[in-house]
Amino acid sequence: MKKIGIIFLIIISFSFTKDENNLLYKNYAKALNQGGTFQFFLVIKIKNLNTNEVREICTKGDFLQGAIHHEYKIPYTEKGLLKAYQIALKNKKGILNLKMTVQLQI
């Protein structure tokens, strides 16, 4: 009976983690998609590749995309904007590796 209880608890814990991660990603994507004068903030972990320090920061989606433009040297053209957005959106783990961390004041 204890084994069944333990297995049940493990299954429940994995299901909550998946749902929570999915919700966090949906909120992250929503913040990236929000434009205009009002913007949602997003929380992301940034790894400074120079020091290997990982910090969790709160920023606006357009600030994050600006940092991606600088890091990857992506021009601010229509194609460049799309590429930076796609890089940000593919970040499903919530950690972005940057060498030039000044843009996000790490």
Side-chain angles (χ1 to χ4, degrees):
M1 190 65 171
K2 285 184 180 180
K3 288 183 182 180
I4 293 174
I6 292 172
I7 291 171
F8 181 70
L9 288 174
I10 291 172
I11 291 171
I12 289 175
S13 68
F14 281 125
S15 66
F16 282 126
T17 304
K18 184 178 180 183
D19 289 342
E20 183 180 320
N21 287 340
N22 191 30
L23 179 61
L24 290 173
Y25 178 74
K26 284 182 179 180
N27 288 337
Y28 170 80
K30 190 174 185 178
L32 285 173
N33 289 325
Q34 189 70 27
T37 56
F38 174 80
Q39 291 192 3
F40 292 113
F41 282 83
L42 56 87
V43 177
I44 187 166
K45 290 181 182 176
I46 303 292
K47 181 176 182 182
N48 183 332
L49 294 176
N50 299 317
T51 63
N52 286 329
E53 178 186 13
V54 177
R55 292 186 56 196
E56 190 171 71
I57 64 165
C58 182
T59 188
K60 293 181 180 182
D62 60 344
F63 290 175
L64 177 64
Q65 290 180 54
I68 290 171
H69 276 278
H70 286 279
E71 180 71 21
Y72 293 95
K73 296 179 177 52
I74 300 171
Y76 283 91
T77 61
E78 192 172 321
K79 286 183 180 181
L81 293 171
L82 181 61
K83 185 174 181 177
Y85 173 75
Q86 289 172 338
I87 290 171
L89 203 57
K90 286 181 184 177
N91 182 25
K92 293 191 178 207
K93 291 184 180 181
I95 298 178
L96 190 64
N97 298 315
L98 299 175
K99 284 186 180 178
M100 298 174 12
T101 58
V102 176
Q103 291 85 9
L104 293 173
Q105 298 178 348
I106 292 184

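For clarity, every value in this text was computed on a predicted model and none was experimentally measured.
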Visitor: How far does CD1 of Ile68 sit from CG of Leu81, to the nearest 0.5 angstrom?
Guide: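 The distance works out to 11.5 Å.
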Visitor: Do the side chains of Ile46 and Asn48 get nearer than 4.5 Å, heavy atoms only?
Guide: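 Side-chain contact under 4.5 Å: no.
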Visitor: Looking only at heavy atoms, what is the nearest atom pair of Glu56 and Lys45, with distance?
Guide: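 Heavy-atom minimum between the residues: OE2-CE, 3.7 Å.
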Visitor: Identify the two heavy atoms, one from Leu42 and one from Gly61, that lie closest to each other, and give their separation to 0.1 Å.
Guide: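 Closest pair (atom of Leu42, atom of Gly61, distance): CD2-CA, 3.7 Å.
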Visitor: Which heavy atom of His69 sits nearest a heavy atom of Gly80, and at what distance?
Guide: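 Nearest heavy atoms, His69 then Gly80: CE1-O, 3.4 Å.
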Visitor: Any side-chain heavy atom of Tyr25 sitting closer than 4.5 Å to one from Leu89?
Guide: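 With C-beta onward as the side chain, the pair touches.
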Visitor: Just by modelled atom types, is the Lys26 backbone N or O under 3.5 Å from a matching donor or acceptor in the Asn22 side chain?
Guide: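 No; zero donor-acceptor contacts below 3.5 Å.
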Visitor: Please give me the minimum heavy-atom distance between Ala88 and Gln65, naming the atom from each residue.
Guide: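 For Ala88 and Gln65, the tightest heavy-atom pair comes out as CB-CG, 4.4 Å.
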Visitor: Atom CD1 in Ile57, atom CZ in Arg55: separation rounded to 0.5 Å?
Guide: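 Output value for this atom pair is 8.0 Å.
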Visitor: Show the nearest heavy-atom pair for residues Cys58 and Phe41, with the distance to one decimal.
Guide: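 Looks like SG-CB, 3.6 Å.
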Visitor: How long is the span from the CG atom in Leu49 to the CG atom in Leu98, to the nearest 0.5 Å?
Guide: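 Spacing of CG (Leu49) from CG (Leu98) equals 7.0 Å.
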Visitor: Can you check whether Val54 reaches Lys47 side chain to side chain, under 4.5 Å on heavy atoms?
Guide: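 A side-chain contact exists here, since the closest heavy-atom pair is under 4.5 Å.
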Visitor: If you define the side chain from C-beta out and look only at heavy atoms, does anything of Ile74 sit under 4.5 Å from Ile87?
Guide: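 Yes, close enough: below the 4.5 Å cut-off.
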Visitor: Are Leu32 and Tyr72 linked, directly or through other ILVMFWY residues, by side chains that come within less than 4.5 angstrom of each other?
Guide: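 Looking at the clustering, Tyr72 is in the same group as Leu32.
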Visitor: Should Leu64 and Tyr28 count as side-chain neighbours, where that means a heavy-atom distance under 4.5 Å?
Guide: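 Contact flag for Leu64/Tyr28 side chains = yes.
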Visitor: Under the side-chain hydrogen bond (donor to acceptor under 3.5 Å, both in side chains) test, which residues partner Tyr85, sequence neighbours left out?
Guide: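 Expected list: Asn33.
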Visitor: Are any of the side-chain heavy atoms of Leu24 and Val43 separated by less than 4.5 Å?
Guide: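 No, side chains not in contact.
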